[in-house]
Amino acid sequence: MKTYDFAMVKILVPVSYLSVLCVSQDFDFFYFVQQWPGDTKKKSCCYPKSGKPAADFGVHGLWPNFNNGSYPSDCDPNNPYDQSQILDLIGCMEEEWPTFSCPSNNGTKFWAHEWNKHGTCSKSVLDQHDYFQATLNLKKKVDLLQALQTAGIEPNGTFYKLDNIGEAIKNGIGYTPGITCNGDASGHSQLHEIYFCVDTCGSNFIECSLFPNGRCSSEVEFPSF
Ligand code: AMP
């Protein structure tokens, strides 16, 4: 509950109502996307200059989306990625938003891609610093690996039922995830990315009305990293 003073009259506003004030004309919701670093495709990639990332989910991005399934992209070429605006966040981004592109680099290329393609489409509500800060705040709110491990789902190459993975995440985090998969070297389905939906402020998780096409089989491998 937040307290506001209007002409000496105290008005109590439940915090949940405040989020209603955040409206965007430009998109309907965000996907907040995290990726597991152990999938086969990543094994042919490069670690960032800072070294092998933690064996944990990392951020892929925060993507404005429309309710019809389409999404805006590259909305403002006049507002390109500018690292000088987020210098205070870089240390945290190196930990939470690791790059796997080659040649090995510090992440700038990946973060610039995410801002230029997706972030510029959220600029009616989030400027560049707000966008990266909001994404890091969302990451801090959810511990996906913990949610899975609590349900006995470990990253050790075991196959788990897709339904059980979804249920473990829903139980641990409180929201139904979108789950996407890759194929491993033998064509088996393996865990790739986890999607949550977020309101247009970029601050509150919401239930998704629309999920990505996950391409997962009913049994999914959780590879080690
Ligand atoms: P997007 O365009 O935001 O949908 O992201 C897809 C692009 O991001 C592809 O070019 C991927 O190769 C690249 N990508 C995804 N994850 C990573 C990562 N961890 N590091 C570097 N590039 C990535």
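Just so you know, ligand 1 is whichever comes first in the structure, and atom 1 is the first atom listed for that ligand.
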Mark up the atoms of ligand 1 that fall under 4.0 Å of a heavy atom belonging to [X], in ascending order.
X	value
His60	1 (P), 3 (O), 5 (O), 6 (C), 8 (O), 15 (C)
Thr99	20 (N), 21 (C)
Glu114	1 (P), 3 (O), 5 (O)

With a 4.0 Å heavy-atom cut-off (strictly under), which part of [X] contacts ligand 1: side chain, backbone, both or neither?
X	answer
Pro98	backbone
His113	side chain
Phe110	side chain

**OP:** Determine, for Lys139 against Glu95, whether the closest basic-nitrogen to carboxylate-oxygen distance falls under 4.0 angstrom.
**Re:** no
**OP:** Tell me yes or no: between the side chains of Gln34 and His60, is some donor less than 3.5 Å from an acceptor?
**Re:**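 Side chains of Gln34 and His60: no pair found under 3.5 Å.
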Original post:
Considering only heavy atoms, which of Lys117, His192, Gln35, Glu193 lies nearest to atom 4 (O) of ligand 1?
Top reply: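 Heavy atom nearest to atom 4 (O) of ligand 1 belongs to Lys117.
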Subject >> Minimum non-hydrogen distance to atom 20 (N) of ligand 1, winning option of Trp97, Trp111, Phe100 >> reply: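 Minimum heavy-atom distance to atom 20 (N) of ligand 1 goes to Phe100.
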Could you give the side-chain donor-acceptor pairs of residues 67-74 under 3.5 Å, partners two or more places apart or in another chain?
{"residue": "Asn68", "atom": "OD1", "partner": "Ser70", "partner atom": "N", "Å": "2.8"}
{"residue": "Asn68", "atom": "OD1", "partner": "Ser70", "partner atom": "OG", "Å": "2.8"}

Original post:
Cys pair Cys208/Cys197: SG distance under 2.5 Å?
Top reply: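 The answer is yes, since Cys197 and Cys208 bring their SG atoms under 2.5 Å apart.
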Original post:
Within 45° of the six-membered ring axis of Phe196 and under 6.0 Å from that ring's centre, is NZ or CZ of Lys141 located there?
Top reply: no
Side-chain polar contacts of residues 105-112 - donor-acceptor pairs under 3.5 angstrom, sequence neighbours left out - could you list them?
{"residue": "Asn105", "atom": "OD1", "partner": "Gly107", "partner atom": "N", "Å": "2.9"}
{"residue": "Asn105", "atom": "ND2", "partner": "Ser101", "partner atom": "O", "Å": "3.3"}
{"residue": "Asn105", "atom": "ND2", "partner": "Ser101", "partner atom": "OG", "Å": "3.0"}
{"residue": "Asn105", "atom": "ND2", "partner": "Pro103", "partner atom": "O", "Å": "3.1"}
{"residue": "Asn106", "atom": "OD1", "partner": "Thr108", "partner atom": "N", "Å": "3.1"}
{"residue": "Asn106", "atom": "OD1", "partner": "Thr108", "partner atom": "OG1", "Å": "2.8"}
{"residue": "Thr108", "atom": "OG1", "partner": "Gln83", "partner atom": "OE1", "Å": "3.4"}
{"residue": "Trp111", "atom": "NE1", "partner": "Trp97", "partner atom": "O", "Å": "2.9"}

**OP:** Determine whether more than 12 heavy atoms belonging to other residues, nucleotides or ligands lie under 6.0 Å from atom CD of Glu207.
**Re:**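 Yes, because the 6.0 Å sphere around CD of Glu207 holds more than 12 heavy atoms from other groups.
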Original post:
So is Trp63 in contact with ligand 1, going by heavy-atom distances below 4.0 Å?
Top reply: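 The answer is yes, since Trp63 has a heavy atom less than 4.0 Å from ligand 1.
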